[in-house]
Amino acid sequence: MTEGTSVSVDPTLLDDLQWRGLLAHSTDLDVLREALTSSSVRFYVGFDPTAPSLHLGNLVQILTAKRLQDAGHTPFALVGGATGMIGDPRDSGERTLNDADTVAEWVGRVRAQIEPFLSFEGENAATMVNNLDWTAGLSTIDFLRDIGKHFPVNRMLARDTVKRRLEAGGISYTEFSYVLLQSMDFLALYRQHGVTLQFGGSDQWGNITGGAELIRRAEGGTAHAFATPLITKSDGTKYGKTEGGALWLDPSMMSPYAFFQFWLNVEDASVSEMLRIFTFLSRAEIEEIEATHAEKPFLRAGQKALAEHVTTLVHGAVETARIQAASAALFGGGDMADLAGDTLGAALGEAGAITVSAGEMPSIVDLFVETGLAASKGEARRAVKEGGAYLNNERVRDADFVPGPDDLVGGHWLVLRKGKKSFRGVEVS
RNA sequence: GGCAGGUUGCCCGAGCGGCCAAUGGGAGCGGACUGUAAAUCCGUCGGCUUUGCCUUCGAAGGUUCGAAUCCUUCACCUGCCA
């Protein structure tokens, strides 16, 4: 083993991870602690390119990797060009295979999303790896002899996801074999780079321990592992869904404004957990926020801190400041007409705005559709009928209403709102 | 390969010749109450040029004045038998 650089490690790391609730499962904790306090541990965490962007769940892993690196350990971030071609089995059924070009493109995008969070310099510099590098040239015979031989099918069948899939209608051999690939990754990184720790989401625990087991069987080596918890709401349902779907980190797939709003709307019961998992605020800072929140929940101090810190991590301080200003303007509760034109314009720009010419002003229903506030005219009409459509914070009653010059605020803006918190702007030229 | 059952709207699941754009539940959306929270209650929930029209009930044909509902073929899934 080529372990042990001169990097000094933070002995409180494991306690901090535990306090943050990041250890849902782990291999022997005392052994893990011993490893993490004695020297810089080379660890890996993998991301499969199953979409053009990573999402909220992946962010947990990215931030955890950074916590480990900050504590002196050495990251290997794996983007699965190979595993992404196969697909990790999930309860919702067989995945559709993506072609090689698509996967290759997504690998590039996912790498670019991870890189800003890690440091690629210094003694414990991070390394990006791709499992295509050690699988592309592997022959089927070698794979079956060297890897497959270590996997008893009865054990594979006993895995929860596989069991559920067998009951729910079956699983292809392709997805059934996924665990072999991910396990092989751990072994490959162990052999090539001396990686001895893997972590991932708790839904990956079976794959992770599969790797540790393979290292033991194939090399007689010891590997460590832990899993972060699945993020759920207080009612037990999965987090990470909002209006449209997943919470993407890519600003073109989810606007930073919408991302910020998601955090600002986190339910009280989850704020504490979220602050611990998704921010680098210290224990003292978080406990102070919790105290404030418990005392005066209506101030929403927890949600505000969460939204600010997480949005800053993902989209930067400049963008976050813009969004905060926009939110203050839109949710301020004051008369829209009192806002300065440029303030209003900037706010609506964050929330999402379109431009129309004064001579071709559409009806309120069409404006709702064009701004994306409603998915169809029927939905827009329904919003009006239900009293959920507002122009400049005043309820609109007539679906066919066409805004005129008197409705402009801030010089040349229309402020559309659906329900309590969905705003869009229309710039009239 | 044989036999039986299944494939319904975002999800689950009724319907079994007209009264079906299709019961019910969940999710979503809106309203009320709030703190841009939770819980609760109410409403809504295919599309449109909206008293009507169009497209949906695995796919393609067919029977019928008329089908998600009947028939034929195909695809996929499940179970039983080889």
Side-chain angles (χ1 to χ4, degrees), chain A residues 90-97 164-172 175 232-247 255 257-275 289-290 292-308 310-311 323-334 336 347 350-352 362-366 368-391 393-400 402 415-424:
Chain A
R90 53 180 174 180
D91 290 347
S92 51
E94 198 72 16
R95 290 173 189 268
T96 308
L97 292 176
R164 282 193 295 268
R165 282 287 296 277
L166 288 174
E167 283 163 17
I171 181 170
S172 67
E175 290 192 4
T232 58
K233 295 201 275 192
S234 58
D235 61 5
T237 57
K238 238 185 189 174
Y239 237 118
K241 283 249 171 172
T242 178
E243 311 141 42
L247 279 133
S255 77
Y257 170 85
F259 184 83
F260 180 91
Q261 287 292 323
F262 165 79
W263 295 104
L264 201 59
N265 281 293
V266 163
E267 55 182 12
D268 285 4
S270 300
V271 168
S272 194
E273 181 191 353
M274 296 294 159
L275 281 168
I289 292 167
E290 285 169 353
T292 306
H293 192 86
E295 205 178 314
K296 297 179 176 172
F298 53 89
L299 290 181
R300 307 166 61 76
Q303 281 94 338
K304 285 176 184 166
L306 241 189
E308 176 176 328
V310 185
T311 309
I323 295 167
Q324 284 175 315
S327 298
L330 296 175
F331 288 95
M336 284 295 160
E350 295 294 332
S363 70
I364 203 78
V365 160
D366 290 323
F368 263 58
V369 175
E370 284 171 37
T371 54
L373 226 35
S376 68
K377 291 187 185 183
E379 193 179 306
R381 282 212 174 76
R382 185 157 57 82
V384 173
K385 191 177 74 188
E386 294 175 335
Y390 304 82
L391 172 63
N393 276 348
E394 282 182 37
R395 188 167 277 170
V396 178
R397 289 292 181 189
D398 176 10
D400 298 317
V402 178
V415 182
L416 299 180
R417 190 178 111 212
K418 182 166 80 87
K420 281 191 297 186
K421 43 199 178 191
S422 303
F423 287 94
R424 289 297 139 77

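Excluded from the calculations below are hydrogen atoms, water molecules and symmetry mates; all remaining heavy atoms, backbone and side chain alike, are included.
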For A:K385, answer base if it contacts any base atom (sugar-phosphate contacts may also be present), sugar-phosphate if it contacts only those atoms, and nothing otherwise; contact means non-hydrogen atoms under 4.0 Å. nothing

Phosphate contact (B:rA37 OP1 or OP2) by A:K296 side-chain N/O below 4.0 Å: no

Atom CD of A:E394: over 12 foreign heavy atoms under 6.0 Å: no

Can you find an N or O donor on one side and an acceptor on the other, under 3.5 Å apart, linking the side chain of A:E386 with the base of B:rG43? yes

So, does A:R300 use its side chain to make a donor-acceptor pair with the main chain of A:L264 at under 3.5 Å? yes

Protein-nucleotide distance (A:F331, atom CZ; B:rG35, atom C1'), rounded to Å: 13 Å

Looking only at atom C1', what distance separates B:rU64 and B:rC70, rounded to whole Å? 9 Å

Round to the nearest Å and state the distance from A:R382 atom CZ to B:rG47 atom P. 8 Å

B:rU51 pairs with, by Watson-Crick or G-U criteria that keep both distances under 3.5 Å: none

So what does A:F260 touch, heavy atoms closer than 4.0 Å: a base, only the sugar-phosphate, or nothing? nothing

Would you check if the side chain of A:T311 reaches a backbone N or O of A:E308 as a donor-acceptor pair within less than 3.5 Å? no

Watson-Crick or G-U counterpart of B:rA21, or none if no pair lies under 3.5 Å: none

Can you tell me the Watson-Crick or wobble partner of B:rG28, both distances under 3.5 angstrom? B:rU44

Tell which nucleotide pairs with B:rU56, taking only Watson-Crick or G-U wobble pairs whose two distances are both under 3.5 angstrom. none

In Watson-Crick or G-U wobble terms, both distances under 3.5 Å, what is the partner of B:rG35? none

Is any side-chain heavy atom of A:V310 closer than 4.5 Å to a side-chain heavy atom of A:F259? yes

Which is more 5' along RNA chain B, the nucleotide nearest A:S327 or the one nearest A:G419? Just name the residue. A:G419

Atom CZ of A:R417 and atom P of B:rC29 are separated, to the nearest Å, by 15 Å

Backbone N or O of A:V266 within a donor-acceptor pair of the A:Q303 side chain at under 3.5 Å? yes

Mate of B:rC76 across any strand shown (Watson-Crick or G-U wobble, both atom pairs under 3.5 Å) is B:rG6

Could you tell me how far B:rC65 sits from B:rG26 if I compare only their C1' atoms? Round to whole Å. 40 Å

By the Watson-Crick or G-U definition, both distances under 3.5 Å, B:rC16 is matched with none

Take atom NZ of A:K418 and atom P of B:rG30, then tell me their distance rounded to the nearest Å. 4 Å

Pairwise C1' distance for B:rU8 and B:rU69, with rounding to whole Å: 11 Å

Taking B:rA27 as the reference, what is the distance to B:rU49 when you measure between their C1' atoms (whole Å, please)? 32 Å

Rounded to the nearest Å, what distance is computed from the CZ atom of residue A:F298 to the C1' atom of nucleotide B:rC33? 17 Å

Is it the case that the side chain of A:R417 and the backbone of A:G419 share a donor-acceptor pair, with hydrogens and angles ignored and the cut-off at 3.5 Å? yes

Nearest heavy-atom contact between A:L330 and A:F423 is O-CZ, 3.3 Å

Distance check needed: B:rA37 P versus A:F262 CZ, whole Å only. 14 Å

Answer yes or no: is there a donor N or O on one side and an acceptor on the other, between the side chain of A:K304 and the main chain of A:L299, under 3.5 Å? yes

Using a cutoff of under 3.5 Å, can you pull out all pairs of nitrogen or oxygen atoms linking the protein to nucleotides 48-50 of chain B, with atom names and distances?
{"from": "B:rC48", "atom 1": "OP1", "to": "A:K377", "atom 2": "N", "distance (Å)": "2.9"}
{"from": "B:rC48", "atom 1": "OP2", "to": "A:G378", "atom 2": "N", "distance (Å)": "2.8"}
{"from": "B:rU49", "atom 1": "OP1", "to": "A:K377", "atom 2": "NZ", "distance (Å)": "2.7"}
{"from": "B:rU50", "atom 1": "O4", "to": "A:R381", "atom 2": "NH1", "distance (Å)": "3.2"}

For atom C1', what is the distance between B:rC76 and B:rG58, given to the nearest Å? 8 Å

C1' atoms of B:rC53 and B:rA21, separation to the nearest Å: 13 Å

Is there a donor in the side chain of A:E267 and an acceptor in the side chain of A:S270, or the other way round, less than 3.5 Å apart? yes

Quote, to the nearest angstrom, the C1' distance that separates B:rU55 from B:rG1. 40 Å

Using only side-chain N and O atoms of A:K304, determine if any of them is under 4.0 Å from OP1 or OP2 of B:rA37. no

What is the distance, rounded to the nearest whole Å, between atom NZ of A:K420 and atom P of B:rG43? 19 Å

Which residue lies more 5' along RNA chain B, comparing A:A383 with A:D268 via nearest heavy atoms: A:A383

Would you measure the distance from the P atom in B:rA39 across to the matching atom in B:rU23 and give it in whole Å? 27 Å

